[in-house]
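Throughout, a chain's letter reflects where its sequence line sits, starting with A, and its residues are numbered from 1.
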There are 2 protein chains.
Amino acid sequence: METAEATAAERPGLRERKKQRTHDALLRAALELFTTQGYEATTVDEIAEAVDVSQRTFFRYFAGKEEAALAIIDLTHEHFVAALRARPAHEAPLEALRNAVLEGWDAMGEAVAQIVPVDLYLRSYGMIESTPALLAAHLRRADEVAREIEAIVAEREGLDVRADPRPRVAVAVFAGVMRVTERLWAMGGDLSMEAMRELTAAHLDALRPSLAEKWRSG
Amino acid sequence: METAEATAAERPGLRERKKQRTHDALLRAALELFTTQGYEATTVDEIAEAVDVSQRTFFRYFAGKEEAALAIIDLTHEHFVAALRARPAHEAPLEALRNAVLEGWDAMGEAVAQIVPVDLYLRSYGMIESTPALLAAHLRRADEVAREIEAIVAEREGLDVRADPRPRVAVAVFAGVMRVTERLWAMGGDLSMEAMRELTAAHLDALRPSLAEKWRSG
DNA sequence: GAGGCTAATGTCAGCCACTGACAGTTGACA
DNA sequence: TGTCAACTGTCAGTGGCTGACATTAGCCTC
């Protein structure tokens with residue numbers, strides 16, 4: 001056991017490498033099929049067959065179709081959380097959140113590219129947005145991430161989440177804006193990282209004006 | 001056709017009344033079973049059997065288990081949209097949203113009570129929050145409602161949603177805060193309308209302080 | 001480098017959500 | 001009362017997903 005893990009840290013054994021390969025192959029095959037013929041129209045058997053494994057094996061790697069479809073996005077979520085943790089302590093909450101997103105994207109892109117082609121990753125957002133079951137699962141995961149972020153923000157400010165509503169509200173506001181951005185980006189024409197960054201910045205800039213009493217003068 | 005609908009407006013025929021009864025019975029039975037033995041643990045056959053109809057009939061009334069579980073909540077969403085539309089034009093966007101929620105609740109409660117017992121409705125929120133598949137579906141529906149609200153807010157202010165980001169951002173912020181409130185309320189101990197109203201007001205009041213640069217002085 | 005251990009995989013049987021097709025039943029309306 | 005249309009039940013089938021069991025294939029030791 002210990003030997004196996006120690007070895008894995010340097011160079012994973014054949015077994016581990018094989019597992020990784022199967023996992024990534026299933027992931028790529030799934031996304032490829034989903035984005036081309038549609039999520040609902042793709043059966044698990046098809047995915048398994050494309051990788052030449054049994055259906056049962058697919059379910060040993062992924063809890064279900066949904067998880068396969070959203071796995072890479074989970075990856076980016078993890079990267080965002082890490083990026084937020086790395087923000088300097090002097091930044092205000094919303095400032096830290098904003099910087100974590102805008103500056104963390106390139107690293108995300110690189111991490112993604114090591115598993116699936118970037119354009120496949122980008123196209124998957126369109127698929128998610130236009131597939132009700134998938135969008136639902138995605139929103140739930142985003143909600144979970146929000147809870148994680150609440151804790152981080154609270155810790156940054158030395159607050160108790162259960163006593164002070166501000167960490168939760170701040171994260172909810174941020175998550176809301178990010179959701180709008182995501183939706184517009186995924187449904188819009190330009191599925192590029194630059195477009196996403198610009199849209200994000202624009203919507204975050206619109207935050208305070210949106211809360212103003214009088215919109216006419218703004 | 002036309003005659004049937006005209007009659008239905010005054011006093012629905014036997015056929016219509018029967019349909020309504022079956023629908024409500026299925027809804028109540030579903031919620032009762034869901035909240036007592038759990039959503040996943042309840043099969044559609046059980047629900048159908050409880051109302052003494054075939055499984056096929058259940059699916060003619062509801063697109064699936066999810067829809068049965070979330071039907072009453074959809075009702076409250078509709079009421080909220082109506083309440084927002086009824087707000088005076090001079091109110092600022094966030095002011096109108098806030099008032100629509102806080103003042104619309106009683107009417108919602110009454111509307112709900114005509115179909116299912118109120119405590120069953122309240123308990124269903126706890127069930128949703130603790131059932132991943134259901135929470136996912138719920139969040140997606142809330143997201144759809146948000147889009148509807150965006151349009152209303154934009155219209156109130158005479159803006160084009162596609163040209164000005166403020167309506168979307170304002171609604172996203174509001175929806176985010178409502179989501180936090182809902183989660184805390186559903187997972188907390190006090191499942192009453194009063195508790196919900198207080199929590200909502202408290203979190204909406206925390207909005208501006210949460211966006212402040214310095215939290216320590218606040 | 002042969003054999004035992006264990007993780008990974010395949011096969012099979014089965015549950016449940018959901019759907020289309022067809023037939024039987026029952027309000028509605030002339 | 002008889003015809004039409006809507007509502008319902010039955011049946012068969014698909015697809016997602018799971019548990020159980022047998023088989024294969026890395027891994028590790030002697």
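In this model, the phosphate group of C:dA7 is not approached by any side-chain N or O of A:Lys19 to a distance below 4.0 Å at OP1 or OP2. Between B:Lys18 and C:dT26 there is no side-chain N or O to OP1 or OP2 distance below 4.0 Å.
Nearest to the side chain of B:Thr43, among C:dA28, C:dC16, D:dA20, sits C:dC16. Residue B:Arg15 places its side chain closer to C:dG27 than to any other of D:dG9, C:dG27, C:dA17. Side-chain proximity of B:Arg60 to C:dA17, D:dG16, D:dG9: nearest is D:dG9. Set against C:dC18, D:dT10, D:dA5, the side chain of B:Arg56 has D:dT10 as its closest nucleotide. Out of D:dT8, C:dC18, C:dT9, the shortest distance to the side chain of B:Phe59 is found at C:dC18.
Formation of a donor-acceptor pair under 3.5 Å by the B:Glu198 side chain with backbone atoms of B:Ala195 is not found in this model.
Between B:Gln37 atom CD and C:dC16 atom P there is a gap of 12 Å when expressed in whole angstrom units. Rounded to whole Å, the distance from CD on A:Glu16 to C1' on C:dT6 is 13 Å. Residue A:Phe62 contributes atom CZ, which lies 15 Å from atom P of C:dA8 at whole-angstrom precision. Between the C1' atom of D:dC11 and the CG atom of B:Asp45 lies a distance of 14 Å, rounded to the nearest Å. For the pair B:Phe58 CZ and C:dA17 P, the interatomic distance rounds to 9 Å; values are reported in whole Å. Rounded to whole Å, the distance from CZ on A:Arg17 to C1' on C:dA7 is 16 Å. Rounded to a whole Å, the CD atom of A:Glu46 is 15 Å from the P atom of D:dC17. Atom CG in B:Asp52 sits about 19 Å away from atom P in D:dC7, given to the nearest Å.
In this structure, B:Tyr61 and B:Lys19 have side chains that are in contact, with non-hydrogen atoms separated by less than 4.5 Å. Two residues are said to be in side-chain contact when any heavy atoms from C-beta on lie closer than 4.5 Å; A:Arg98 and A:Leu94 fail this criterion. Looking at heavy atoms from C-beta onward, B:Leu139 lies in side-chain contact with B:Arg179 at the 4.5 angstrom threshold.
Within the 4.0 angstrom heavy-atom criterion, only backbone atoms of the sugar-phosphate kind lie near A:Tyr61; the bases stay farther away.
Along DNA chain C, the nucleotide nearest A:Ser54 and the nucleotide nearest B:Thr42 are compared for position; the residue whose nucleotide lies closer to the 5' end is A:Ser54.
By the 30° and 60° cut-offs, the orientation of the rings of B:Tyr125 relative to B:Trp185 is perpendicular.
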